[in-house]
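Only this structure's heavy atoms are used, side chains among them; waters, hydrogens and symmetry mates stay out. Reminder, nothing fancy here: chain letters follow the sequence lines and each chain counts from 1.
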Amino acid sequence: MTTTGDTATTGEGAAHEGRSRVERYDPAAIEPRWQARWDELGLYDTDLHDESKPKFYLLTMYPYPSGDLHIGHWYIKTPTDAIARYRRMHGFNVFLPIGFDAFGLPAENAAIKNRINPREWTMANIEHERKQLRSMGATFAWASEVVTCDPAFYRWNQWLFVQFLKRGLAYRSVSAVDWCPNDGTLAREQVEGTDRRCWRCGAKVEKRELPQWYLRITDYADELLDFGGIDWPDPVRIMQTNWIGRSSGAEVVFDTAPSSHNAGGEELRVFTSRPDTLFGATFMVLAPEHPLVGTLTAPERRAEVEAYVAQAATRTEIDRLSTEREKTGVAIGAEAINPVNGERIPIFVADYVLGTYGTGAIMAVPAHDERDFEFARRFDLPVVKVVMPRHEDPDAELASAFVEHTTDEVMVNSGRFTGRPAAEAWHEIVAWLAERGKGRQAVTYRLRDWLVSRQRYWGTPIPVIHCEQCGAVPVAEDRLPVLLPETVDYRGSGDNPLNRDEAFLNVACPSCGGPARRETDTMDTFFDSSWYWFRYLSPAKADGPVDPAMVRTWTPVDQYTGGAEHAVMHLLYSRFFTKAMRDLGLVHESEPFRRLFNQGQILGADGERMSKSRGNVQDPDELVARHGADTVRLFLMFMGPWDQGGPWSPTGIGGVSKFLHRVWTIVLDPRGHDRGDATGGELPAGETEADARSRMRSTAHRTLRDVTEDYEQFRWNTMVAKLMELSNLLSRYRGTSVAGLPEWDEAVRLLLLMLAPAAPHITEELWSRRVAAAGLPWASVHVQRWPKVDEAAIVESTREVPIQVNGKLRDRVTVAAGISDLELEQIVLSRDKVLAALGGREPHRIIHAGGGKLVNIVVR
RNA sequence: GGGCGAGUGGCGGAAUGGCAGACGCGCCGGCCUUAGGAGCCGGUGUCCCGUGAGGGACGUGUCGGUUCGAGUCCGACCUCGCCUACCA
């Protein structure tokens, strides 16, 4: 009835059987065009020197170039891009860099399998992933890209390593690593099954003592426990705190007792967090790796002990520490003397004691430690109770170890300390030991120094030269980088080809000039990711790792986004590096990331982690081809809370697609030429034109207020829902007399601006057409200012008040907005339904909740 | 074993202690169509009463508590997920 005459807003509507048709929303036509245009204009090349605007450093964890990004990568990066665009609309100079974590095992494995160079494999993948990332329409600052396998980057790994070495923060030490007789050293995750077999050849993996490079992260243990000044999720802070595992206690010295085969008097140091239980120590246990095992073992026990130690070496710590396994161990035929009471107690070797924690030896107090209790039961050793709640029988048998810590415990069977409160005895015993040189207060950490050596080719070569005369000598700074040789001679197994590369290996000692050999270990890739965000600020800088001026202006990172799986690895190492680099005078901050957000993980449709081997990977390219990037972006944001993730299910993506189609028609065809609907161009029943106009305005501004808050809180799913509601309202008015009026126009404008950070292409297209239709010069929607809420528009003249009787909803009533409580009560108490619910009872109390949001009548 | 988090329709999920189930999917009915896997309109927690308009009861893993009022706060338990794993 009203559909003839005008042409469509675009001017492109073609006459079609008496109707003009609006061009359909076709993302495939729009998206690449705008991506190219943004690129051309350099819309997102951040000017790092522009100080006219406040800076915002937005960082998202760089991907490992495995060949294909899956939908999980988009799940991280899409909202991150929306944050960047949102912040820009607030006038920030936003820096959102991207790069590639390009060293690492998968490249090497693929290289071995396909007989190609890891570099070729990696660079081809990077090229592919660049295209994929661009297809998202994300605003990455490509000009600042960092690729870690590029010598321009990794030479600074080497430079930093040399500085660490000079400061004693890097050191070399011999330790046990997993070793396969065919393939050499293995990473922990390459050892499979409880029977410890090599993932590639299936051979039994052993422990082998090898010289390894370490970083002294433990020097920073206490500082790393302090999370002051950073806004990180609790779970990450808790995990790091537990990982560092600070434990306060005492180191106690036990002397060995003289025996037929040993003069005795050797010191056995142990760490205990319970010095108050010292009188209950009834035996000692050494880790199989303990250096004194050999010297202390009695000749008649030697064969058995050596067999046990050898067998323990075939287990990993994880396996050894498994609580499922029954305790094992053997007596070594020697005794130690308890310093507090002079008692002689037997010494065992058992693998439930770790060589790498504390001193590698413990005093065993079975009465007050579950593990010791279990061991004592197994080997029929005495259990002496020394701490107990007041008023308990000190000689009663224990059914299990008593490990409780209450304030009301007393010492028993503890010589001169008997009867003392346990909490006080703790300190008194430490003091007593200290006076006699038999102990001191001590702190131990679970955290160990970071092993950065990898016996692998595809990583940053550790810049050290081994000379028989001078030892391990760092490569001179002006001789860096030590380049990774380009030609790789793999022999079909996982050994490190650097070990056979004579040209690489043979070198003159930097110190004495004599013949020497290069270190062939390469660095853990976490070394790269521990400082890469500093490098983004000056990726090409040739005379230093970081640009101090840029670092000063731009760090710390304002917002970091990425997965929680890095809680205790990457995120802890990064904090350590920042502090270590601060102490080298390279950076000024102590914390790298001011605010951290961990998004959830997208799993495969089967609920398992997405991986090629499981065949449950969702390819984003396919989805983009079918629905367009904006739809995929918006769908990922709409699925649920960002920190939640969940199994991938494309069900429902059609709803998001429908929403964008609807936005398209609202903007381009307000009059409803292409309606195809059944509303007949009529306003909703009972609604006047004035009602509709005010409703559009109030809804638009209320949406703006709420959506702004959602953007701030990263609540994408409700943000999208609210924009859907607004578009549903406008859609209802499309083709009616209010479509195209100023209130309509304002609502459309707000809708586009609010949607722009999340769905950048369609909004840019529609914005440009509106601007053109109005005869105005073009300016990108993405450089517009975020609109301001008009609070006055939100206020309504009436409101609906729910009425409860004793907390149960009974009625609702529409009243004038400014009504007083008293007036409201009168209205409420005259309602039929309310009277019926009261049943003649007198109101005891009337509650006006939430500033008149609800009335509750209480009766007895 | 320890730590953290989560349990709401058929599904994904909403809800500063104040109308549970926003928004979307799916499903049902209708309109428009030569056609519909397009578009549009309406309905959709469960049970009960009523021919009907409508009305009522129940309902956020279980049990208890605090409160005028609890999905939300507190306690205990159950289930699931993630991290961690004999750290002396």
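- Going from the P atom of B/U46 to that of B/G10 covers 7 Å, rounded to whole Å.
- You'll find that the side chain of A/K833 is closest to B/G55, out of B/G55, B/G18, B/A88.
- The side chain of A/R446 lies closest to B/A85, out of B/C68, B/A85, B/C40.
- Comparing B/C87, B/A15, B/C40 against the side chain of A/T718 picks out B/A15 as the nearest.
- Between A/E709 and A/K722 there is no salt bridge, since no side-chain nitrogen of the basic residue lies less than 4.0 Å from a carboxylate oxygen of the acidic one.
- In the set B/C23, B/A88, B/C58, the nucleotide with an atom closest to the side chain of A/D369 is B/A88.
- If you take atom C1' in B/G36 and the same atom in B/C31, they sit 14 Å apart, rounded to whole Å.
- Closest to the side chain of A/R810, out of B/G24, B/G56, B/A85, is B/G56.
- In this structure, A/L447 and A/G646 both approach RNA chain B, and ranking their closest nucleotides by distance from the 5' end singles out A/G646.
- What you find for A/A759 and A/L660 is that their closest heavy atoms are CB-CD2, 4.4 Å.
- Between A/V834 and A/V813 there is no side-chain heavy-atom pair separated by less than 4.5 Å.
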(request) Check the pair A/L268 / A/L286 against side-chain contact (heavy atoms from CB on, under 4.5 Å), numbers first and verdict last. (result) CA-CA 9 Å; A/L268 273 179; A/L286 306 184; 3.8 Å; yes
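- The same atom, P, is picked in B/G2 and in B/C73; the two are 24 Å apart, to the nearest Å.
- Nucleic acid contact for A/Q644: sugar-phosphate only, since backbone atoms but no base atoms lie under 4.0 Å from a heavy atom of the residue.
- Across the interface with RNA chain B, nearest-nucleotide mapping of A/G655 and A/L854 shows A/L854 to be the residue nearer the 5′ end.
- Proximity note for A/F638 (side chain, C-beta onward) versus B/C25, B/A88, B/G12: the nearest is B/G12.
- Closest contact between the side chain of A/E725 and the listed nucleotides B/G18, B/A22, B/C25 involves B/A22.
- The phosphate of B/A14 (OP1 or OP2) has a side-chain N or O of A/N717 nearer than 4.0 angstrom.
- Comparing the C1' positions of B/C83 and B/U8 gives a spacing of 26 Å, expressed to the nearest Å.
- Going from the C1' atom of B/G30 to that of B/C48 covers 29 Å, rounded to whole Å.
- With a glycosidic angle further than 90° from 0, B/G52 counts as anti.
- Each of B/C68, B/G3, B/A38 was ranked by its minimum atom distance to the side chain of A/R24; first place goes to B/A38.
- Residue contacts for A/D372: at a heavy-atom cut-off of 4.0 Å it reaches no nucleic acid atom on any strand shown.
- At a threshold of 4.0 angstrom between heavy atoms, the contacts of A/K722 with the nucleic acid are absent.
- Heavy atoms of A/N856 sit under 4.0 angstrom from at least one base atom.
- Across B/A20 and B/G71, the matching C1' atoms stand 7 Å from one another, rounded to whole Å.
- Residue A/K853 has its side chain nearest to B/U16 when only B/G69, B/U16, B/A88 are considered.
- By the 6.0 Å and 45° rule, A/R633 does not stack over the aromatic ring of A/W74.
- Heavy atoms of A/R662 sit under 4.0 angstrom from primed sugar atoms or phosphate atoms, though from no base atom.
- Closest to the side chain of A/W243, out of B/G18, B/A88, B/U84, is B/U84.
- The closest side-chain heavy-atom distance from A/M724 to A/F638 is below 4.5 Å.
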